[in-house]
Amino acid sequence: MANTILIGAQWGDEGKGKIIDYLTRGVDVVVRTQGGNNAGHTIVIRAERYVLSLVPSGILHAGKVCVLANGVVIDPVSLCAEIAGLRKRGIHVGSDNLLVSDRAHVVLPHHRSLDAQREDRRSGRIGTTKRGIGPAYADKISRTGLRMTDLIDAQKFSARLRDRMREVNRFLKLQALAPIAAGPVQREYERAAAILRPHITDTVSFLHRMLARKMSMLFEGAQGTFLDIDHGTYPFVTSSSTTAGGACTGSGVPPNRIDRVVGVMKAYTTRVGGGPLPTEDEALSQCLHEMGREFGAVTGRARRCGWFDAVATGFAVKVNGVDHLAVTNLDGLDGLDAVRVCVAYRLHGKTIVVPPADVMDLAQCEPVYVDLPGWRKPIDHVRRYADLPPRARAYLRKLQALTGAPLKWISVGPSRSQTFLAG
Ligand code: GDP
Ligand code: IMO
Ligand code: MG
């Protein structure tokens, strides 16, 4: 199979984990290239539900190699807990199937505490996951971060961590913030380093060896296009490049070795955390929450829900160069009399079809809707496109026409079996 980048075409939680799992059968290597344990990718296999944060979703398939590449930020303690949790459930995780880049940056305790404190002080809260992601990327860009390569030699790591904690505590003091006791951090991180050491390697060279052997790769995007540090609804974004280009810088695999880009989107829109969401709809949110749907996989927070936004997803198709779309959660709209699609925004008396740069403007955008009749029957049992109600097919055709990319996969339920080809 081709080398594929898979990205979220909305605000995250599009069902990427489920589609990754579906596509993993045809690939050799699954690679995470950005983000960290702010991600929560859900995979349901028969009655078993797995939520993966850092470990690539390919781990649930025997015989696949999973890579945490250089663009990821890794909380070593959290990664060890995730590995232990998977092993407890009988999933094999070893140095043969989970490789961690020596260039990936390390999330330290002060990243988490700064993340939480900055959130509490902000007037317009981002609603971060408080996993220290933003501050860890800030240290990377400021060239003060520790990297996984620093964990390889126990003595050197101990000295580097001690030095870094000293600097951090000087900084915290200047900010009138409580210092972090270095001793417990030292012990906790040294324990995690010992566990992770066998996994740490030069993943760039590994991926190039795989390319030379014509092995196929699936790049597992985290978050979504509108959480991208450049293309998202800044400042209500995460701190990494969540769009397709980020997969290349985040892995060392060059753009000319990528064969296709897959965009995953829900049949409606959700967002967790702060920031504008033009098509947000109270009644739709309530309806989905009453069905027990749309609660965050990592934080359990209720997701904000809205109608499908073709202005946003159309933009995502362009920025990512999406070749194929996967539509998930089509079954979420089952009971509705009518379904709405946003085809443009009205802003300051004008009609626009691309999201404006300024979030204040985006917050003022009035969606222009097209209404379609609902199909008003359950579709979670459907396994073939042809068996979808005609109105559901008409809705999908509308999404395809408006976003400008062909729909390739349809998902009508959380489990592996509830996915089929479009058309
Ligand atoms: P990700 O972060 O993009 O991997 O998405 P999440 O796992 O955070 O959230 C997607 C949620 O939708 C999870 O609870 C999935 O199990 C669920 N899901 C995915 N596709 C479908 C679908 O087609 N129908 C239903 N009912 N649930 C789905
Ligand atoms: P997956 O991979 C949905 C959101 C947070 C917050 C903003 C910044 O499961 O789709 P951060 O902790 O990254 O600094 O938070 O981004 N966010 C996500 N929303 N899905 C995610 O990941 C997210 N990762 C971060 O809620 O609004
Ligand atoms: Mg998620």
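Bear in mind that the values here come from a model prediction, so they are computed numbers and not experimental data. No hydrogens, no waters, no symmetry mates; every other heavy atom, side chains included, goes into these values. Numbering of ligands and ligand atoms starts at 1, following listing order.
In this structure, the protein non-hydrogen atom closest to atom 8 (C) of ligand 2 is Val237 O, 3.4 Å. With respect to atom 9 (O) of ligand 2, the closest heavy atom belonging to the protein is Gly40 N, 2.9 Å. For atom 4 (C) of ligand 2, the closest heavy atom belonging to the protein is Leu227 CD1, 3.9 Å. Among all protein heavy atoms, the one lying closest to atom 13 (O) of ligand 2 is Thr238 OG1, 2.6 Å. Closest protein heavy atom to atom 20 (N) of ligand 2: Asp13 OD1, 3.0 Å. Among all non-hydrogen protein atoms, the one lying nearest atom 25 (C) of ligand 2 is Gln223 CG, 3.7 Å.
A donor-acceptor pair shorter than 3.5 Å cannot be found between the side chains of Asp380 and Gln418. With hydrogens and angles left out, the side-chain atoms of Asn169 and His110 include no donor and acceptor closer than 3.5 Å.
The pair Arg164-Glu167 meets the salt-bridge criterion, since a charged nitrogen lies less than 4.0 angstrom from a carboxylate oxygen.
For ligand 2, the atoms lying closer than 4.0 Å to a non-hydrogen atom of Ala222 are 2 (O). Here is the list of ligand 2 atoms found below 4.0 Å of a heavy atom in Trp11: 3 (C), 19 (N). Every atom of ligand 2 is numbered from 1 in the order shown, and the set under 4.0 Å from a heavy atom of Gly273 is 27 (O). Close approach to Gly127 involves these atoms of ligand 2, each under 4.0 Å from a residue heavy atom: 5 (C), 6 (C), 26 (O), 27 (O).
A cation-pi arrangement is not found for Arg391 relative to Tyr395, the charged atom failing to lie both closer than 6.0 Å to the ring centre and inside a 45° cone about the ring normal. Geometrically, Arg89 engages Tyr50 in a cation-pi contact defined by less than 6.0 Å to the ring centre and at most 45° from the axis.
Close N/O approach between Asn38 and ligand 2 is found [any backbone or side-chain N/O within under 3.5 Å]. On a distance-only criterion, Gly274 and ligand 2 share no N/O pair closer than 3.5 Å.
When Val51, Thr129, Ile229 are checked for heavy-atom proximity to atom 12 (O) of ligand 2, Thr129 turns out nearest.
Atom CG of residue Leu52 and atom CG of residue Leu86 lie 5.5 Å apart, to the nearest 0.5 angstrom. In this structure, Lys408 NZ and Asp323 CG are separated by 10.0 Å, a value rounded to the nearest 0.5 Å.
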Determine, stepwise, if the pair Leu108 / Tyr189 fulfils side chain to side chain contact (heavy atoms under 4.5 Å, CB included). CA-CA 9 Å; Leu108 292 169; Tyr189 273 66; 3.6 Å; yes
Side chain to side chain donor-acceptor pair (under 3.5 Å) for Lys18 and Thr328? Distances and angles first, verdict last. CA-CA 9 Å; Lys18 187 192 150 158; Thr328 68; over 6 Å; no
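Counting heavy atoms under 4.0 Å from ligand 2, residue Lys16 touches it through the side chain alone. Under 4.0 angstrom from ligand 2, there are no non-hydrogen atoms of Phe236. For His41, every heavy-atom contact with ligand 2 shorter than 4.0 Å involves the side chain, none the backbone. With a heavy-atom cut-off of 4.0 Å, Thr128 touches ligand 2 through backbone and side chain alike.
For the pair Glu14 and Lys266, the tightest heavy-atom approach, listed with the atom from each and the gap, is O-CG, 3.8 Å.
Of all N, O or S atoms in Asp13, the one lying closest to the Mg ion (ligand 3) is OD1.
Among the backbone and side-chain atoms of Gly40, an N/O/S atom is found under 2.8 Å from the Mg ion (ligand 3).
Remark: distances from the non-hydrogen atoms of Arg301 to ligand 2 include one below 4.0 Å.
Using a distance-only test at 3.5 Å, with no hydrogens or angles considered, no donor-acceptor pair links the side chain of Gln10 to the main chain of Thr269. Within the 3.5 Å criterion, the main-chain N or O of Ser57 finds a donor-acceptor partner in the side chain of Glu220. The backbone N or O of Gly224 lies less than 3.5 Å from a partner atom in the side chain of Thr242, making a donor-acceptor pair. Remark: the backbone N or O of Ala39 is paired with a side-chain donor or acceptor of Ser53 at under 3.5 angstrom.
Arg301 CZ: more than 12 foreign heavy atoms inside a 6.0 Å radius. More than 12 heavy atoms of other residues, nucleotides or ligands lie within 6.0 Å of CZ in Phe420, so this atom counts as buried by the packing criterion.
The 4.0 Å heavy-atom shell around ligand 1 contains residues Asp13, Glu14, Gly15, Lys16, Gly17, Lys18, Gly40, His41, Thr42, Arg293, Ala297, Arg303, Thr328, Asn329, Asp331, Ser411, Val412, Gly413, Pro414, ordered by chain and number.
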